[in-house]
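A quick write-up on the structure given underneath.
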Amino acid sequence: MADTASSVQSHYAAEDLVARILGVLREEGYDTDSLSVETLNLTDQLHDGGLGATQAQADLAGVSEGLRVLDAGCGIGGAARYLAHAHGCQVQAIDLTREFVDAAIALTELCGLSDRITFRQGSVTDLPFDDQSFDLVWSQNVSMNVEDKAKLFAEAYRVLVPGGRFALSHITAGPGGEPYYPLPWARRADYSFLGSEKEILDRLAGAGFRILEIRDEIIAPGGGRPPKPLAGSVVMGADMRERAINSKRSTEERRIKDMLVLAERPA
Ligand SMILES: C[S@@+](CC[C@H](N)C(=O)[O-])C[C@H]1O[C@@H](n2cnc3c(N)ncnc32)[C@H](O)[C@@H]1O
């Protein structure tokens, strides 16, 4: 059986991402010659809830101008661009999937944000960053692909300044039994690592974090309805519809459950 890193990379690998994203946006009538972050955010949020879920996480994390943020598992850079553009954060971002990192760099250049975000390929379990170099570590729907959560959380803790925060959205195992595969983050169970809510919280505490808040409903702040995401299958693969249906059914049957946690490295 392939090791987890190669399974994850082949799960997300996709060709010609930038051209295909721009194609979808043009078909929908958007001007791709002067691309805005708002327009890109319709296609670059690789998680359930789209931009609304990102806004909810930013709200929980209390993001503010100038914050040094690490986006750990950044996908094609959707949250990184949102945080840099809407909140004036300075973002460094890392992801395991080479095609996603390349697309993230190209899309960020196209909307003129390259001076505020840097992207690199690597693993969240072995971060190429100095100790205490971030105010916020942001990880959105990544940890389901990470078996060694102790390492992930230890690395997040290490790179945070004392008093810095870790905003984590994760999908936990519910009491209803095994979820239905394929799912958005894994087509098979051998590279899906959910854990119960208690296990995740215990692991965070074990890494030294203090839990500040836990939310199990992820709703955009202000009650406004965020724009509907476009063509998830363009980035996530042609079978995304089936995977999204399995995710919904697994949630309804309490096999999986959303979890959003804000934790702090104590000062
Ligand atoms: C469901 S996508 C979410 C991407 C992004 N956070 C978002 O919400 O748009 C999961 C991402 O986690 C990345 N990933 C999985 N395991 C990783 C690891 N060990 N280190 C870095 N990235 C990882 C994948 O490459 C993929 O881009």
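Just so you know, these numbers use all the heavy atoms, side chains as well, and skip hydrogens, waters and symmetry mates. Just so you know, ligand 1 is whichever comes first in the structure, and atom 1 is the first atom listed for that ligand.
Using a 4.0 Å cut-off between charged side-chain N and carboxylate O, E213 and R215 make a salt bridge. Note on R120 versus D95: no salt bridge recorded, every NZ/NE/NH1/NH2 to OD/OE distance being 4.0 Å or above.
Heavy atoms of C74 come nearer than 4.0 angstrom to ligand 1 in at least one pair. Heavy-atom separations between P184 and ligand 1 are all 4.0 Å or longer. Using 4.0 Å as the threshold, I94 has no heavy atom nearer than that to any atom of ligand 1. Using a 4.0 angstrom heavy-atom cutoff, F100 counts as in contact with ligand 1. Remark: distances from the non-hydrogen atoms of T125 to ligand 1 are all 4.0 Å or more.
For atom 15 (C) of ligand 1, the choice among V8, D71, D126, N141 with the nearest heavy atom turns out to be V8. Looking at L96, D44, I171 and measuring to atom 17 (C) of ligand 1, the nearest heavy atom belongs to L96.
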### Query
Taking it one step at a time, do R81 and D44 satisfy side chain to side chain contact (heavy atoms under 4.5 Å, CB included)?
CA-CA 9 Å; R81 282 185 292 276; D44 62 12; 3.0 Å; yes
### Task
Determine, stepwise, if the pair T54 / Q140 fulfils side chain to side chain donor-acceptor pair (under 3.5 Å).
CA-CA 8 Å; T54 300; Q140 194 171 16; 3.1 Å; yes
### Task
Start with the C-alpha gap between L260 and L168, add the side-chain angles, then the distance that decides, and say whether side chain to side chain contact (heavy atoms under 4.5 Å, CB included) holds.
CA-CA 6 Å; L260 176 54; L168 171 76; over 6 Å; no
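Within the 4.5 Å cutoff, no side-chain heavy atoms of R20 are placed close to those of V24.
Closest to atom 18 (C) of ligand 1 among all protein heavy atoms lies V124 CG2, 3.7 Å. Looking only at protein heavy atoms, the nearest one to atom 7 (C) of ligand 1 is H47 ND1, 3.4 Å. Nearest protein heavy-atom neighbour of atom 19 (N) of ligand 1: S123 OG, 3.2 Å. The single protein non-hydrogen atom nearest to atom 16 (N) of ligand 1 is N145 CB, 3.7 Å, given as residue, atom name and distance. In terms of protein heavy atoms, atom 9 (O) of ligand 1 is closest to L46 N, 2.9 Å. Of the protein's non-hydrogen atoms, the one nearest atom 14 (N) of ligand 1 is V142 CG1, 3.8 Å.
Those atoms of ligand 1 that come under 4.0 Å of a heavy atom in G75, given as number and element, are 4 (C), 5 (C), 27 (O).
Between Q140 and ligand 1, a contact under 3.5 Å exists for at least one N or O pair. Between W185 and ligand 1, not a single N/O pair is under 3.5 Å apart. Note: no N/O pair closer than 3.5 Å links Q45 and ligand 1 by distance alone. Residue contacts with ligand 1: G73 is placed with a nitrogen or oxygen under 3.5 Å of a nitrogen or oxygen of the ligand (distance criterion only). Considering backbone and side-chain atoms together, D95 places an N or O closer than 3.5 Å to an N or O of ligand 1.
Expressed to the nearest 0.5 Å, how far NZ of K198 lies from CZ of R203 amounts to 11.0 Å.
In summary, the aromatic rings of F209 and F166 are positioned with their centroids under 6.0 Å apart.
The salt bridge (charged side-chain N to carboxylate O under 4.0 Å, His left out) test applied to R68 returns D135, not counting sequence neighbours.
Tested against R158 for a salt bridge (charged side-chain N to carboxylate O under 4.0 Å, His left out), the candidates D130, D131, D126 yield a single pass: D131. The residue from V124, T125, V146 that alone fulfils the side-chain contact (heavy atoms from CB on, under 4.5 Å) condition with K151 is T125.
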